[in-house]
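FYI, side chains are in, hydrogens and waters are out, and symmetry mates aren't considered; it's all heavy atoms of this structure. Chain letters run A, B, ... following the sequence lines, proteins first and then strands; every chain starts at 1.
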Amino acid sequence: MAPGVNEPPRLLHIFGVLKRAFGPQHWWPAEDGAFEVMVGAILTQNTAWSNVERAISALRAQDCLSPERIISLEHDALANMIRPAGYFNVKARRLSRFCQWYLDKGGYAALSEWPDGGLREALLAVHGVGPETADDILLYAFNRPVFVVDAYTRRFLSRLGLVAEDIGYEALRAFAESTLETMPRPDRVALYNEFHALIVAQGKSICRPKPRCGECCLSRHCPVGQDALADG
DNA sequence: ACCCAGGGTCATA
DNA sequence: TATGACCATGGG
């Protein structure tokens with residue numbers, strides 16, 4: 001059987017198992033602005049979300065949660081505000097560059113007109129925006145049908161035996177997306193949104209004691225994994 | 001004290 | 001092309 005064939009039911013079944021186990025995640029809900037989502041996507045690079053929340057709160061408290069304000073700040077001022085998110089010198093530069101690009105391109109309304117692929121290429125061309133950050137922004141800020149791949153996703157799907165442990169980012173993304181391509185676009189956006197959040201939720205809860213043990217996380221020792229692996 | 005987190009870039013071989 | 005170093009805070 002060719003790779004990918006007959007995978008949609010399996011992935012959809014896994015999605016159902018995760019949803020029943022962890023419930024709705026409501027990540028980056030519409031009430032938060034799209035710009036805040038983008039800031040969060042950059043600040044959360046290799047960083048716990050609880051730390052990112054402190055940084056975003058600090059930005060909001062100083063009325064600096066806008067691209068105009070951010071590019072107007074001195075490096076040290078911005079770095080100090082986002083200090084709790086870690087890598088503050090690196091991320092201050094990345095935030096500034098991103099905001100400059102964002103304004104240069106005309107802001108959210110203008111960028112919303114861009115096609116999926118063109119927007120993704122443009123995001124990846126911004127210094128400090130890699131594949132996952134770009135896809136976070138595409139999915140959660142621009143509602144584009146992109147399956148976000150992160151360390152949890154690779155661990156999760158490889159331990160289920162669906163992909164190789166060392167599969168590359170684009171290959172894994174293509175795998176996850178191609179298997180669900182027949183679904184209507186708005187449904188895919190909603191599904192990818194919740195799917196990624198649920199994978200992170202299971203990764204945090206089940207992997208907590210020994211994240212890299214290779215035996216927890218939906219392998220044979222995990223009850224959720226047994227459900228997910230069962231034929232649905 | 002140690003390990004990890006919703007990564008990405010850059011230098012080196 | 002493929003590793004390794006580096007960035008840095010806060011929680012378990």
Engineer: Considering only side-chain heavy atoms of A:Arg54, which listed nucleotide, C:dT9, B:dA5, C:dG11, is closest?
Structural biologist: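 Selected nucleotide: C:dG11.
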Engineer: I want to verify a distance call: between C:dG10, C:dC7, B:dT9, whose nearest atom is closest to the A:Val90 side chain?
Structural biologist: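 Looking only at heavy atoms from C-beta outward on A:Val90, the closest nucleotide is C:dC7.
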Engineer: Roughly, in whole Å, what's the span from CG in A:Asp136 to P in B:dG8?
Structural biologist: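 After rounding, the gap between these two atoms is 9 Å.
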Engineer: Quick check: on DNA chain B, is the nucleotide nearest A:Val200 upstream (toward 5') of the one nearest A:Leu124, or the reverse? Name the residue that is more 5'.
Structural biologist: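 By nearest-heavy-atom nucleotide position, the 5'-most residue is A:Val200.
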Engineer: As a test of reading the structure: which of B:dG8, B:dA5, C:dG11 is closest to the side chain of A:Glu132, going by heavy atoms?
Structural biologist: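 Looking only at side-chain atoms, A:Glu132 lies closest to B:dG8.
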Engineer: Which nucleotide wins on minimum distance to the side chain of A:Tyr87, given the candidates B:dG7, B:dC10, B:dG6?
Structural biologist: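 Nearest listed nucleotide: B:dG7.
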Engineer: Would you mind telling me which of B:dG8, B:dG6, C:dA8 lies closest to the side-chain atoms of A:Asn89?
Structural biologist: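 Output: C:dA8.
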Engineer: Please state how far atom CZ in A:Arg93 lies from atom P in B:dG8, giving the value in whole angstrom units.
Structural biologist: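 Rounded to the whole Å, the gap is 16 Å.
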Engineer: A:Trp27 and A:His196: aromatic ring centres closer than 6.0 Å?
Structural biologist: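 Between A:His196 and A:Trp27, which both carry aromatic rings, the centre distance is below 6.0 Å.
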Engineer: With DNA chain B as reference, determine whether A:Ser50 or A:Val129 sits nearer its 5' end, using the nearest nucleotide of each.
Structural biologist: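 Comparing both residues, the 5'-ward one is A:Ser50.
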Engineer: Closest to the A:Phe88 side chain: C:dG11, C:dT9, C:dC7?
Structural biologist: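 Of the candidates, C:dT9 comes closest.
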Engineer: Strictly below 4.0 Å, N to O, side chains only: are A:Asp135 and A:Arg120 in salt-bridge contact?
Structural biologist: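 A:Arg120 and A:Asp135: salt-bridged.
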Engineer: Write down the distance separating the P atoms in C:dA8 and B:dA1, rounded off to the nearest Å.
Structural biologist: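 It comes out at 22 Å once rounded to the nearest Å.
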Engineer: Under 4.0 Å, heavy atoms only, any strand: does A:His196 hit a base, just the sugar-phosphate, or nothing?
Structural biologist: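 Nothing, no heavy atom under 4.0 Å.
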Engineer: Nearest whole Å is fine: how far is C:dA8 C1' from A:Ile42 CD1?
Structural biologist: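 Distance check: A:Ile42 CD1 to C:dA8 C1' gives 17 Å.
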Engineer: Using Watson-Crick or G-U wobble geometry with both distances under 3.5 Å, which nucleotide pairs with B:dA1?
Structural biologist: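 Paired with B:dA1, as far as the under-3.5 Å criterion goes, is no nucleotide at all.
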Engineer: Would you say B:dG7 has OP1 or OP2 under 4.0 Å from some side-chain N or O of A:Arg154?
Structural biologist: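 Negative; the distance criterion is not met.
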Engineer: If I take atom CZ in residue A:Arg155 and atom P in nucleotide B:dG7, what distance separates them, rounded to the nearest angstrom?
Structural biologist: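 So the two atoms are 9 Å apart, to the nearest Å.
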Engineer: Assess whether a salt bridge exists between A:Arg185 and A:Asp116, defined as any Lys/Arg side-chain N lying under 4.0 Å from an Asp/Glu carboxylate O.
Structural biologist: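 Here A:Arg185 pairs with A:Asp116 in a salt bridge, since their nearest N and O are under 4.0 Å apart.
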Engineer: Whole-Å distance between C:dT9 P and A:Lys91 NZ?
Structural biologist: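 In whole Å, C:dT9 P lies 11 Å from A:Lys91 NZ.
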Engineer: What integer distance in Å separates A:Glu53:CD from B:dA5:C1'?
Structural biologist: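 A:Glu53 atom CD is separated from B:dA5 atom C1' by 13 Å.
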Engineer: Expressed as a whole number of angstroms, how long is the span from A:Asp166:CG to C:dT3:P?
Structural biologist: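 Rounding to the nearest Å, CG of A:Asp166 and P of C:dT3 are 9 Å apart.
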Engineer: With a non-hydrogen cut-off below 4.0 angstrom, is A:Asn51 in contact with a base, only sugar-phosphate, or nothing?
Structural biologist: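 Contact class for A:Asn51: base.
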Engineer: Please state the P separation for the pair C:dG12 and B:dG6 - nearest whole angstrom.
Structural biologist: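 Going atom to atom, P in each nucleotide, I get 12 Å.
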Engineer: With a 4.0 Å cut-off on N to O distance, would you call A:Glu36 and A:Arg60 a salt bridge?
Structural biologist: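 Counted as a salt bridge, because a side-chain N and a carboxylate O are separated by less than 4.0 Å.
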Engineer: Nearest to the side chain of A:Gln45 - B:dC10, C:dG11, B:dG7?
Structural biologist: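 Nearest listed nucleotide: B:dG7.
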Engineer: Can you confirm if the aromatic rings of A:Tyr102 and A:Phe35 lie within a centre distance of less than 6.0 Å?
Structural biologist: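 For A:Phe35 and A:Tyr102, the ring centres are under 6.0 Å apart.
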Engineer: Apply side chain to side chain contact (heavy atoms under 4.5 Å, CB included) to residues A:Met81 and A:Leu95 and explain how you reach the verdict.
Structural biologist: CA-CA 12 Å; A:Met81 266 184 253; A:Leu95 264 188; over 6 Å; no
Engineer: Measure the distance between the ring centre of A:Tyr152 and the centre of the six-membered base ring of B:dG6, then answer whether it is under 5.5 Å with planes under 30°.
Structural biologist: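 One would not call A:Tyr152 stacked on the B:dG6 base.
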Engineer: When the distance from CZ of A:Phe22 to P of B:dG6 is rounded to whole Å, what number comes out?
Structural biologist: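 Interatomic distance, CZ of A:Phe22 to P of B:dG6: 14 Å.
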Engineer: Just to confirm, is there a sub-4.0 Å distance from OP1 or OP2 of B:dG8 to any side-chain nitrogen or oxygen of A:Thr133?
Structural biologist: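 Yes, such a contact exists.
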